[in-house]
There are 2 protein chains.
Amino acid sequence: MSSRSDQWTRTATRIFRTIWRNPNISRVDLAKKLGLDKSTVTKQVADLLENGLIEEKEEGEASARGGRKPIYLAVNKEYGRFIGIELQLGFFEAVVVDLAGDILETARGEVRITQENFAATVADIVDTMQKRFCSDSLLLGVGVGTAGLVDSKKGRIKYSVPLGIQKTLDFAKAIAGKLKAPAFIENDANCCAWGELAFNRDEELKDFLFALVEYRQDETSLIRYGGIGVGFGVVLGGRVHTGAHGYSGEFRSAFCDGPGELQFSLSREELMCLRGDKNLLHRTVDELARNMAMLINTMDFQHVYIGGDIEALDIDLPAILRHRLEENWMYPSPKDVEIRYSSLGDKAVAFGAAGMVFERLMAERSMPGLAVELKNLDQQIGA
Amino acid sequence: MSSRSDQWTRTATRIFRTIWRNPNISRVDLAKKLGLDKSTVTKQVADLLENGLIEEKEEGEASARGGRKPIYLAVNKEYGRFIGIELQLGFFEAVVVDLAGDILETARGEVRITQENFAATVADIVDTMQKRFCSDSLLLGVGVGTAGLVDSKKGRIKYSVPLGIQKTLDFAKAIAGKLKAPAFIENDANCCAWGELAFNRDEELKDFLFALVEYRQDETSLIRYGGIGVGFGVVLGGRVHTGAHGYSGEFRSAFCDGPGELQFSLSREELMCLRGDKNLLHRTVDELARNMAMLINTMDFQHVYIGGDIEALDIDLPAILRHRLEENWMYPSPKDVEIRYSSLGDKAVAFGAAGMVFERLMAERSMPGLAVELKNLDQQIGA
DNA sequence: TTAGTTGGTTGATTTATTCAATCAATCATG
DNA sequence: CATGATTGATTGAATAAATCAACCAACTAA
């Protein structure tokens, strides 16, 4: 008796999502928006209320022509929390996020990741975060973002230059049993895309590109890949695009001639001194902009978000990109493409990892309280 | 009484599609594949049989361990037809296609298209084709493919260099009432993508790029755009990607520096003599391959189809692309991307336009016989 | 012949949804 | 200030698409 049928959960998820995206919406408006009968909404909402996923807010104002006041509905932020973690070569960045997408706590620390201790490291971070920040609240899920080829569906890291991972690391298998909540792993740039997508209330945000441009100055990174790393997160039709093999978003400039490990046509020596040489920096960023312009026009993205510490460097990538975009577009009527820095700064990956978990629980319809009627669970335990 | 509910049609469409993709499938296998109860399938199949959309084929072989022979199901090819039309500067190419995706008839002729006579020209072609080739059979829909910026959802041509269309042409409005069947318009490269998608039985064909590379030698084309034109059709997650503004698939090389109307970094004079100059031809095609390699790796496409009359030129684009793809991929494990010429030759656009109609009728669930119970219609007419 | 197996059908049951009626609460108006 | 119009929310009966369980049909293998 504990689980509802698939159809019920499906509708419950749709309703929950809509309430989530439109705080203070009435039952009637929900019904209109979803093309359902208002009585259907009443019944579903009663269930969501009982399970604690949403709550009734104060009544709104009646229409000018009279009528009963609507009862506003909103998600219960306190229902549960997500933990998002970015793992990099020498450090981690973690955030605790509530159901509204608000960051409650952040943490940063040093770690030394190896093929072997990867899952254990994640489990440690989660345990610490949970004890410190949300011991009383329900942990809904954990998301991990990291650079490299990640097969997110299978939960594996195939390869990672920055982390020095050479053979497949089965994260899903390694983490199994170590945590009480579900855990997911995803490429860092894709995480950023998830972040913009998941906790954004704009339903029109359906086709965008997130460019994660990192510049590392530590010796290992400089030698391994010249210090500058670019990854894309691609969202099409409102969904993060994983690609045929799960490797979407990997970038290497079209200007590179011949094989190599660098993402740009510049030499390793040139890349290593970008910070000092304004001219070289401009050449590199312009090369990136020309590649991106082609990609953006061909795929017809609506928005471009730029994240990573490129923002800290003394160069205006958005302006350069805007210029190259216009140049690359051959038609008289200009196309409006919104380009801007991500507002999340150095928390973008960790925050996005949390957002990914939210989206995946919704997509898989395995969010506790949506898939399972909690009241009946209690009865079972009580009996 | 004539129309079933949305849910019924939805399931009917799913079943019809699955039978379409798997000719000679049994009811039980259908149920397994779609996660339905076999009794549900029995009822739906009875409806589809009555409406004539599918038919029972001979019985198959019983399993080795005994049991009743399955009754194979297949679509009724003769149920209806599609007309697909490619419109170019001086000529049209049209095909009549049955429900199985088999080309029954083709036609080719000269036309002189203007902003004003566009819809009338299409109506003329359809009337002629219908009288000659399928007067007895049900015309399910008409698809038109043409070069330029096409907003397929709204049925408008925004702009077309090859056709010389400078201001928006509202095809949907202009064709309304002129035909008895629904008509759709789409960009030519996207049509090719629809063609590969619609009439391809491989369910795994979900992420691919169709590159339509045309080389025209007439003077107008040579002067307007150098004679060589490249457009992409993008399929992601099994759906043709239209883009945020509906302009997905437009191409201009990242190597172009500064504004201009040409798609490549070569000068108009250079482009105009590609056929004679092997060296210039190779430079152009290599430039295309480098752009495509970046696009393909970043978006992680699984297949690449190449169409248009590039095939007639003396150069091996697939080989060059394969080479550039390998170079552009930085990781040790090779990624399998299948590259090949489209098998449809100069009929690719027209055929694809027909495929698009099929897909759209399915997606909108407005295929006659799926949305409406024909038997009841007859009763109504008879009464 | 008989038991076991698989494909397909039938009618009762389940369940999410809609429909229709009703209650609840507000505004405008004479 | 009663009345009607209007809008939001609830309730229980009706609807319809799915499942379930039982059965028939037809085959293999012993």
Side-chain angles (χ1 to χ4, degrees), chain A residues 1-16 19 22 24-50 54-73 365 370-371 373 376, chain B residues 1-16 19 22 24-50 54-73 365 370-371 373 376:
Chain A
M1 283 289 192
S2 69
S3 70
R4 290 278 207 169
S5 85
D6 199 52
Q7 180 59 28
W8 179 272
T9 303
R10 207 185 140 86
T11 311
T13 306
R14 283 217 301 154
I15 289 179
F16 177 68
I19 294 174
N22 306 75
N24 297 341
I25 190 173
S26 71
R27 290 165 171 82
V28 171
D29 286 344
L30 265 172
K32 273 182 202 155
K33 191 158 266 196
L34 296 174
L36 295 167
D37 192 90
K38 52 186 180 168
S39 64
T40 309
V41 173
T42 291
K43 286 159 195 165
Q44 288 272 10
V45 161
D47 229 51
L48 293 175
L49 281 168
E50 211 167 342
I54 61 171
E55 38 187 31
E56 290 186 331
K57 294 290 184 183
E58 79 286 3
E59 295 179 339
E61 279 309 294
S63 117
R65 294 190 291 179
R68 182 175 172 174
K69 283 179 185 168
I71 303 167
Y72 288 156
L73 301 168
R365 293 196 222 96
L370 283 177
E373 281 194 278
N376 290 336
Chain B
M1 281 290 191
S2 66
S3 69
R4 288 278 207 170
S5 84
D6 201 52
Q7 180 60 30
W8 180 272
T9 303
R10 207 185 140 88
T11 312
T13 305
R14 283 218 300 156
I15 289 179
F16 177 69
I19 296 173
N22 306 75
N24 298 342
I25 190 172
S26 71
R27 288 167 172 80
V28 171
D29 286 344
L30 265 173
K32 274 182 202 154
K33 190 157 272 202
L34 296 175
L36 294 167
D37 193 89
K38 52 184 183 172
S39 65
T40 308
V41 174
T42 291
K43 287 161 197 165
Q44 288 273 10
V45 161
D47 230 52
L48 293 175
L49 282 168
E50 211 166 341
I54 61 170
E55 38 188 32
E56 289 186 328
K57 294 289 183 185
E58 78 286 4
E59 295 180 341
E61 280 309 295
S63 120
R65 293 189 292 180
R68 180 175 174 176
K69 282 179 185 168
I71 304 167
Y72 287 153
L73 301 168
R365 292 195 222 97
L370 283 177
E373 281 194 277
N376 289 336

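Per chain, numbering begins at 1; letters A, B, ... match sequence-line order. Fair warning: this is a prediction, and the values are worked out from it, not measured in the lab.
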Touch class at under 4.0 angstrom, heavy-atom based, for B:K69 against every strand present: sugar-phosphate

Short side-chain N/O contact from A:T11 to OP1 or OP2 of C:dA16, under 4.0 Å: no

Length of the CZ-C1' vector between B:R65 and C:dG4, whole Å: 10 Å

Which nucleotide in D:dA17, C:dG7, D:dC20 has an atom nearest any side-chain atom of B:S39: D:dC20

B:Q7 side-chain N/O to C:dT17 phosphate OP1/OP2 under 4.0 Å: no

Separation of C:dC19 C1' from A:L36 CG (nearest whole Å): 14 Å

Nucleotide C:dA16, atom P - distance to CZ of A:R14 in whole Å: 15 Å

Sugar-phosphate only, base, or nothing, as touched by B:Q44 at under 4.0 Å among non-hydrogen atoms: sugar-phosphate

d(CG, A:L34; P, C:dT18) in whole Å: 10 Å

B:W8 CH2 to D:dT15 P, straight-line distance once rounded to whole Å: 17 Å

Nucleotide nearest A:T42 when distance is taken to its side chain, options D:dT10, C:dA16, C:dT6: D:dT10

Stepwise side chain to side chain contact (heavy atoms under 4.5 Å, CB included) test for B:V45 and B:L49: CA-CA 6 Å; B:V45 161; B:L49 282 168; 3.8 Å; yes

Donor-acceptor pair present, A:K43 side chain and C:dT15 base, under 3.5 Å: no

Sugar-phosphate, base or nothing in reach of A:S26, heavy atoms under 4.0 Å: sugar-phosphate

OP1 or OP2 of D:dA17 under 4.0 Å from side-chain N/O of B:T40: no

Nucleotide nearest B:R27 (side chain, heavy atoms from C-beta), chosen from C:dT17, C:dT9, C:dG7: C:dT9

Trace of the side chain to side chain contact (heavy atoms under 4.5 Å, CB included) decision for A:L370 with A:R365: CA-CA 7 Å; A:L370 283 177; A:R365 293 196 222 96; over 6 Å; no

C:dT18 base / A:K38 side chain donor-acceptor hit below 3.5 Å: no

Integer-rounded Å distance: C:dT9 C1' and B:D47 CG: 15 Å

Atom-pair distance (CD1 on B:I71; P on C:dT6), nearest Å: 17 Å

Interatomic spacing from CZ in A:R14 to OG1 in A:T11 - rounded to 0.5 Å: 6.5 Å

For atom CD of A:E50 and atom P of D:dT10, their distance in whole Å: 13 Å

Spatial distance of atom CG (B:D29) from atom CD1 (B:I19) [nearest 0.5 Å]: 11.5 Å

Inter-residue atom distance A:D47.CG - A:I15.CD1, 0.5 Å rounding: 10.0 Å

